[in-house]
Amino acid sequence: MSFKNILENWSAFRKDAEAGGHHKYDHRWGMAINLDVCTGCNACSTACYAENNLAVVGKDRFEKGQAMHWMRIERYWDDADRQFPERGASFLPMMCQQCGAATCEPVCPVAATYHTPDGLNAQVYNRCIGSRYCSNNCPFRVRYFNFYSYYETWAEPLNQQLNPDISVRDKGVMEKCTFCVQRIRASNDKAKMENRAIADGEVQTACAQACPTGAIVFGDTMDPNSAVNKLWAKHEVKRGDYLSKKPKVNAEKRGYRIFEELNVDPSVMYLERVREEI
Amino acid sequence: MSGFKVNRRDFLRVLGWGGASTALVGCDMPTTVTLEEGKEDVVAYFMPEEYVIPGVGVWYASTCTQCAAGCGIHGRVREGRALKLEGNPESVINRGKTCMMGQAGVQAHYNPDRLTQPLMREGGALKPASWEVALKKIAEKTASANGDRVAWLSGAVSGHQAVLINDVLNTFGSKQHFVHETIHASVWQAVARDMLGDAQPVLRMDKAKSILSFGADFLGTWQSPVHFATQYAKFRSGKRGVLIQVEPKMSLTGGSADAWVAVRPGTEGILALGIAQNLVKRGWAKGEVPAKLKEVLAKYELGMVANATGVAGDRIQRITAALKDHAPSLVLAGAPVEGGENGYDAVSAVMLLNILLGNIGQTIEPAAQFAEARMQARSGGTRGALEFSKLAAAKKLDVAFISHANPVYHAPGFMKMKDAMANVGFKVVMTQFPDETAMQADVVLPLYSAIEDWGTHVAAYNGGVATLSFQQPLMEPLYKDTRGFGDVALSLLKQRKPKEYAAFNDYYAYLKASVSNMPAAVAKGDKNKDAAWNALLQKGVLETKATVGKFKVNTATVAAVADVSADVQFPYRLLPSARLGLWDGRHANSPWLQESPDQISKVVWGSWVEMHPVTAAKLGVKSGDYVRVTSAQGSLEAQAYVFNGIHPEAIAVPLGQGHQEYGRYAKGLGVNPYAILNPVIEKKTGEVAAYATRVSVTKLDKSARLVHMGSSDTQMGRKLVSTIPATVYRRTEGEA
Amino acid sequence: MAKYHTFTLFSDFEEAFGALADIRVHKIPGISIDDVTLQSPIEHPEIEEVLGDRPVHVQKFTFFGALFGVTFGFFFLAAAQASFLAQPQGGKPIIPLPSNFVLMYEMLIFFGVWTTVFAFIFLAGLVRKRGPIYSEQVNVDQIAVIIDVDEKNLDALKKLFTKHKALEIREEKLP
Amino acid sequence: MHVNEKDINEQIRWAQINADVLRSMENPRPAYWVAVAVCIAMVSCAVLAEIYQYNTGLGVTNLNNPHMWDMYIATFVFWIGMSHSGTLLSAILHIIHADWRKPIYRFAEAMTTFSLMTAGFFPMIHLGRIWNLYWVLPYVSDRGVWPNFRSPLAWDAFAISTYLSASAVFLFIGMIPDLAICRDNAKGWRKTLYTTLSLGWRGDDRQWRNFRKTYMLLACFLIPLAVSVHSIVSADFAMSIMPGWHVTTFPPYFVAGALYSGCAAIITLFVILRYFFRFEEYMTTAIMEKTCKLTFAIAMVWTYLNLIEFASTWYGHNIYDKEVLIYKATGPYAWIFWTMIFCGSVAPFALAIQKWRRHMPTMFVVSLLLNLGMYFERWMIVAPTLSMAYEPHQFYMMYGSIVQWAIVFGSFGWFGLLFLIFVKIFPSVSMYEVKEMVFHRRRHLDHETAVKFGRRARDAGTPATDTH
C-alpha cells in the first residue's frame, strides 16, 4: 500500500454517483422483458433451477417463505374487484435487476456483494457472512438466503445434475440471480482466446434461452448493435440518474424500469403489457 | 458420480457425433470422463485423450419426451453427465425453445425413485429378478397367447417405437394397440377430420390477426404448447393480434387474453353458434351459407344465447365484430369444450366459425403428414383406456403389455382400471418408475430414461413441416440393469421371430439400418450412409417428404348443441383442469415441477379447489379452508382457492396430484379429480366427457394457510406490470 | 544531616488546612509548601488555596491522542479502501468521505480515551513504589499531611501540627 | 403535598458509609445464590438454542425472504439503548454538577458496560456464518481484503467496541479510590485483586487532581460517544431505503429511546438494590424522585419524537411510508404497536404522580412496563417494515420461533449474571463520592466556614442548581 497511490488517484477514487462511481465498464449486461408476450409459463423459472443449482425447499419451508426461486413469475390481478378478470392476469418475471446503483452493495459489512466491471452485482458466496442486510435493503426482494444446508437435501442421484460451473451454496450464505455469470465468463474467455469481442446473442441467460415467446432479451447494453440496446433505445429507456434524466421524447413508448423513482438504476427494462378493448 | 458406468468403447462412439455436433451447436468442445467399473480413473486426467478438455461441456441433439409434442432439444454433457437441456433451433416444432417440463427432463432422468432392476410377481409380491429370468417368464406366458386376447396399452407413441409395438402385436396376430392420453385433442381432431377432411390441420397463428379460443389452452396444455407459444410471439408482434379466450376457468392462455370471457361451463358450443348466427345475420359470413345450416342457426339469436351462456348479448356482438375487424382470424376449441357431453357438436360449432370467417386456407392449412404411415404418431384420448378396461374386465385378455402409460392412475375412477387389470392373465409393464400400474404388473421391466435411450419421434402436430426427430443417449445409463424400450421390444420380437431380427443386436443397429434405408433420409447429403447418419444425429431432426392433403369442407355435421342440464343435488360442474408443469400427473415426481407454482393460482406442492368468490360466499368458504367436493362417483378433499377467474357455476380441481405410488415426491400428495369423474361418454367420439361431471361442495371445519407463492394479489398502486391500450401501442410501434 | 519522613493524620479537615496555611506563610523556615503531600479520602478542590496551584497535564495527552485518532482514522480508511483490493460499488466512490467521517469520529474518541487513561496512570504516579508510611484512615474519614523535613525542623513542625490538633504524627529516618 | 427533604443525610458518619457499602459486598445470602442459579439456567437455554441454530441453520428462527431480521436485531438495539443510562447519569449529570447522582451512578455505569456486553452477542448470533464473524473487523488480511467501511454494520462494530472499552474504562477509573478502600479492608484473593486494580491509589492530592481532570475528560468523551453510538445503531435502519426505516429523525429518536429505557432500567435496579442491600441511607426516595422526574422528561421527549415521525410520514405523502405506518397501527402487529404506545407514552405519567413515585413497588412495576414498551418499540421498528416494503409480492407476516425467544430470554439471564457478580465483587455505591457529597453539602450549609476559607462558587462539588 502506498499513500502516493491514494494521492495520485484521489480524483478517481472520489468519483461519485453522477459520474457513475468508480467504474470503467467494459460491458453492462442488461435485459429487456416484453410483458406483452410473457405468458407467465414458468419456463424461465425452471430453467433457472436447472442452470444454477437452486435448492428445492419442499412444502413446509415454502410455506415459511424460505423458497429460493431466483427467477420468479409474479402474478397480479388488476381486476380483482370486478366480477371476472376480463383482461387476464398480469405476469411479471422478477429477478435481480443488477442495479447500477445497487442498494444492496454499500450495506454489506464485508463487501461480499460488489459491482463488477461488466455491470453486475456480484455476490461472493465465500465472503458472505450472512448478515442479510443486503436483502433487507433490496426494494425488489430478490435476494435469497440459505436458511439450511440445502445441498443435504439432494437425493442421489439428483445431485449428479448439479452444474459444476457454479458452486452449491451452504447454509448462512445469501444468493441471487447472477445473469448466469458462469455463461458470461465462459464466453468471455472463449472470445479472449480467439481474441475478438463477444458477439451479441453469444451469451444467453438460461431464462432468455428457454423463454418460448422470446419475451426476455439479454445482452450488452453498451454494445450499440446489441438487440437489447436497440430495444432500450427504441423505447427510450436510459441508464443512470433518475433526477438528472430528461423525460421521454415520446411518453407513450412502452419501456420502463420498476421503481425508477428509487434511483437504483436497474439493468432490466420492462415493456408495458398491451390490452385490446373488446 | 458413483451411480453410473461408462463403457469406454460405447462412449467413444457417442463422442464421434459429439465432436461433430459441437461444430453445429458451436458452443463447447468435446470432453469425457473415463470410468472403469464405476471407479473414477483419475489417471485418465493425467493422460487425457487428445479431444478431452476437462470442465468443458458437449451439446448433443435429441428429442424431448416429457410430453407428446416432440420438441427437439440439445443436451449439455460434461464429464459424462447430462446437465442441462435446451431447445434445438433446428426443430420446426419448438425453434430452440423449451417449456418448464422440458427443462425438468433431467430430473426425470436423475430421479432418485427410478426402477433399477426388473421385478417379478412371486406369491403376490413384486420381487427383484434378472432380465434373463424376466424375459424367460414372458416367453413362457406369451407362448400360447394369440389373436385379440393380446393387447398393448401405451401412451402416445410414434416413430420406430410405434412400428415395433405394431410388429410385436402382429406376431400374435393382434390389432389391439390402445393409446391412452389424459390430455388430448381427439374430439378436435375428429371434428377437423369430418368437417375439413384433415384430422390434424395446421394452425397458422403467426398469420392470424385475431384468435378466438374456446378453452383451448394452446400456451399451456393444448397439442403442442411450445410450438404455439413461438407462433403466439409472432401473433403478438407487429400489427398485434387480438386474443379472446372464452372458457369457464382461466387457463394459462386465458391469462394472456385481451378479453377473457367467462362462459357457463358446457355452453361454449351454444355461444359459438350464437356468434355464427350473429355473423350470418350481419352478413359477415364468407361464402355461401347452406340453408340447412341457416335452420340450425336460426334459434341461436342473441337473447337465447345470452341466457344460456351467461355472456351478455352486446359482448357477443363485440366479439363478432372483433373477429371481422381483425381478419384473418382463428377459432379454436380446447379441453372444456371437447370434454363436454355435447363435445363433438360444440367443437363442430366452433369449427363452423372458422369456415364462416373464411379462415380455411388462410390461417388453417392442410397438414403435411409424415410420409411413412407406420411411423406416424399414434395419438389418442381416454377412449383407449376405456376400451382396454372393458376388455380386461370382461376377462378377454390373456396378455397385456403396458408402456409409456400409467393407466391405473390416469384412467377415471369409474373405469375401475385396477380391478379390470386383475382380470388380465399376464401383465408386462415397461416403465421407468414404480408407478401405480407397475405395482399391478406381473413383470415390470425397468426402462432407460429418455436421456439414456434411443428413439425416433414423429410429432402428432408438426406445424406444417413433416419431420422425424431423433432421440439419442446423452450419457451412459445410470443403472446397468435397465434397458431401452426399443431393445426390450426387439427382444420380445426375437422371442417370437428369432430369424427376422437376428441382424440387429440392439435397437441402435435397428434404427440406423431402418433410417439409413429411408428414401428421404439419404436423398440429400452424400451417399456415405455413415456420414449421413452422423449428420442426422448432429442435426437431431430429419425433414422428410410429406403428403399434403386437401380440405373438403363440410358443414353437414353441424347440429344444435344441447344445453347442459341443471342439477339440484350437484349444483356445480367439475373442471379437472390440466396444468403445464405436472401435466396429467406424470411429472408429479419432479421436485422442480412440484415447487414451481401453478401459473394462475400460484399454489405449490399440492392440490386445491378453485371457486368464484360468489360461490365461496354462498358456501362461507375463504381461501385455505378445506372443502369436500362430492360427485355421484365419490368425493375428494382439498383446500379452497377463491378467485374470480372462474365461472360461479364451476369448480376446478387441477390434475397432477393424488398419487398412491410414484416415488417420494409424488406419493400421497393432493388429490386426483379423475377419481370422481362421472361415467359420461361423448357419443360421437367415444371419448370420456371429462368436463361433464356435476359435483356438490361442502365446507369442512378445517383450515390452513394455502401454500402458494406470492403475497399480494394486486399491485397496490405500484408500477410493476403496467398496461396500455392497444390504440397507444399501434400509434408507437404497431406498424413495426 | 538526617532527613525525616513525617506522616501526620488529622480528623478535622479545617485544622489540617490551617496547618498548611501556616506552612505556606513560612511559619517554619526551611519548609516550603511545595514539599507537602496531602492524602485525603475525597477530592478537595479548595485546598489549592493553601497548597497553591499544582499543574495537571492530562488534557494535553488527550488532545494529541484525539488528534492522532482522527488523522490516523482518515489515512487508515483511505488506504484500506484504495491501496488494497478496491471495493467498487455501483455509483459510489472508492473513498466515500461522509461514511468515513463516521469512523474517523469513532477513532478520535477511541484514541482520545485511551491516551487519557494512560496519561492519567502515568501522571498521577500510580503503579509505582510508594512511601513506607500509610494509614488506611485516609481512605475512611481522616486527612494526612506528608512532608520530608530536616532533623532541625522536625520539632517545630510537630509543634505546629499538634497545635492544629493532629491525631497522630509518625516519622521515619530516611537513609 | 410537597415533600421537601434532603437527598442524603449529611450527618452520616464516613466510616458508616464505608461499612455499609463493604457489607453489601460480603457473605451473600441464599437469595443471591438462587438468583445466580436462575440466571445460569436462563443462559443455558440460550446456549442450547444457539447450538441448535448453529448446526441447523438460521431457518429455525422462522426468518424468511422479506423478513431477514427479527428479534435478534430488536434485542440488540434494546440492550444498546439500555447501556445509555449509565453514561447519562455518570457523565452528563457529572459535568452539570448534579451531585444527587453520586450514590446511584456506579451501578448505572456497571449496567452500561454489562448491557453492552450483552448487546454485543446479538449481531454475532444473527449472522448466517458466525464462524466468519471476524471478517467485519479491520484486521490486516493476507488477501488485502478489508471490511466495507460504508456499511452501517461495520460502523456498529467500530462504535460498539469503542463504546464498550470507553465505558468500561470510565467505570474502572471512577472506581479506583473505592478499590483502594476495598484493598484496605480485604483479605485473601480479594486483597490481591483489589491491590492490583487499585493501582496503588492512596489519595495523594496529585492523584486527586489528575483524577478529577481525567474523570471530567472521559465524561466529555463519553457523552458524544454515547450519542454517536446510538445514532449509528439507528443508521442500520436510517441508512437503508426501506419505508419506515429511512427516517431522518431516527438518530435523535433512538437516542431518546435509549436514555428512556436506560433510566427505566435504573429505576428497576434502584429498587432492587435498595431493597436487598438496605441502601435506604443512600438510595433515598428523594433521589428516586429526581430519577423519576428525569425519566418522565425523557419519556415526553421520546413521545414527541414519535409523533414527529408519524406526522412527517403522514404529511410526507410517500405512499410506501404511509402504508407501513398504517400497517403498524392496523395490521396484524397492531396489538404490539398500541402496547408500545401505552407503555411508552401513557404509563410514564405514573412518574408524574408524586405519591406513586415515592412508592417503590409501584415504581418497580412501572419501570418494567416502560422497558416492555421500549422493547416493543425496537421490534416495531425492525419487523413491520420488513414484512411490508416496496414489492407487494413479497409481503409476509411472521413471528419469531422458540429458538429466537430462548436466546433473547437467555440474554437477560446473562445480564443478570454479570450484574450479580459485579455487586458482590465491586462496590455498587461510590463511597468516596458519597463522602464528597455529604462533605460539600455540609460545608455548604454552615456559612462561616465557607467564608473563612473564601470558597468560590466555581469550586467543584458544589451543586450549581442545588438550592433546595
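Using a 4.5 Å cut-off between heavy atoms, D:F149 does not touch chain A at all. Contact of D:M242 with chain A is made through backbone and side chain together, with heavy-atom distances under 4.5 Å. With a 4.5 angstrom heavy-atom cutoff, D:Y54 touches chain A only via backbone atoms. D:I73 does not touch chain A: none of its heavy atoms, backbone or side chain, sits under 4.5 Å away. Using a 4.5 Å cut-off between heavy atoms, D:F237 contacts chain A through its backbone alone, with no side-chain atom that close. Neither the backbone nor the side chain of D:W155 comes within contact range of chain A; no heavy atom of the residue lies under 4.5 Å from a heavy atom of that chain. Using a 4.5 Å cut-off between heavy atoms, A:M68 makes no contact with chain D at all.
In this structure, D:Y396 and A:E63 approach most closely via the heavy-atom pair OH-O, 2.5 Å. A:I129 and D:V136 get closest at one heavy-atom pair: CD1-CG2, 3.5 Å. A:Y76 approaches D:P392 most closely through the heavy-atom pair OH-CG, 4.0 Å. Of all non-hydrogen atoms in A:M174 and D:M68, the two that sit nearest each other are CE-CE, 4.2 Å.
The most heavy-atom pairs under 4.5 Å with chain D, out of A:S131, A:C128, A:G130, A:P109, come from A:P109. Of the listed residues D:V145, D:L127, D:T385, D:I130, the one with more heavy-atom pairs under 4.5 angstrom with chain A than any other is D:L127. Of all the listed residues (D:G57, D:P66, D:S151), the one sharing the greatest number of non-hydrogen pairs under 4.5 Å with chain A is D:S151. Ranking A:R127, A:R75, A:K64 against chain D, the residue ahead of the rest is A:R127, based on heavy-atom pairs under 4.5 Å. Between chain D and the residues A:S149, A:S135, A:G65, A:A111, the most heavy-atom pairs under 4.5 angstrom are made by A:G65. Per-residue counts of heavy-atom pairs under 4.5 Å with chain D were compared for A:R141, A:R143, A:Q66, A:E105; the largest is that of A:R141. Interface check for chain A: of the options D:N132, D:T56, D:L63, the most heavy-atom pairs under 4.5 Å are formed by D:L63.
Atoms OG1 and CE, from A:T103 and D:M239 in turn, are 14.0 Å apart once rounded to the nearest 0.5 Å.
Although no hydrogens or angles enter the test, the distance criterion places a donor-acceptor pair under 3.5 Å between the side chain of D:N148 and the main chain of A:C108. A donor-acceptor contact shorter than 3.5 Å links the side chain of A:Y148 to the backbone of D:G59. Looking at A:N136, its side chain never comes within 3.5 Å of a backbone N or O of D:L386 through a donor-acceptor pair. Under a 3.5 Å cut-off, the side chain of A:K171 and the backbone N or O of D:N55 do form a donor-acceptor pair. Between the side chain of D:R129 and the backbone N or O of A:N126 there is at least one donor-acceptor pair closer than 3.5 Å.
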Step-by-step ring-ring contact (aromatic ring centres under 6.0 Å, His included) determination, A:F259 to D:Y390:
CA-CA 8 Å; A:F259 298 140; D:Y390 294 103; 5.6 Å; yes

Test A:R72 against D:Q394 for side-chain contact (heavy atoms from CB on, under 4.5 Å), laying out the working first.
CA-CA 11 Å; A:R72 59 173 191 246; D:Q394 291 301 97; 3.6 Å; yes

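Heavy-atom neighbours of D:Y139 OH from other residues, nucleotides or ligands within 6.0 Å: above the threshold of 12. Within a 6.0 Å sphere centred on CZ of D:F409, other residues, nucleotides and ligands contribute 12 heavy atoms or fewer. The 12-atom threshold is not exceeded at OH of D:Y52, counting heavy atoms of other residues, nucleotides or ligands nearer than 6.0 Å. The environment of D:W414 atom CH2 is sparse: at most 12 non-hydrogen atoms of other residues, nucleotides or ligands sit within 6.0 angstrom.
Ring geometry, A:Y133 versus D:W69: the interplanar angle falls from 30° to 60°, so the pair is classed tilted.
Contact of the D:S240 side chain with the A:V107 side chain is not registered, since no non-hydrogen atoms from C-beta on lie closer than 4.5 Å.
Of the residues D:L58, D:N62, D:V60, D:N65, the one that meets the side-chain contact (heavy atoms from CB on, under 4.5 Å) test with A:F147 is D:L58.
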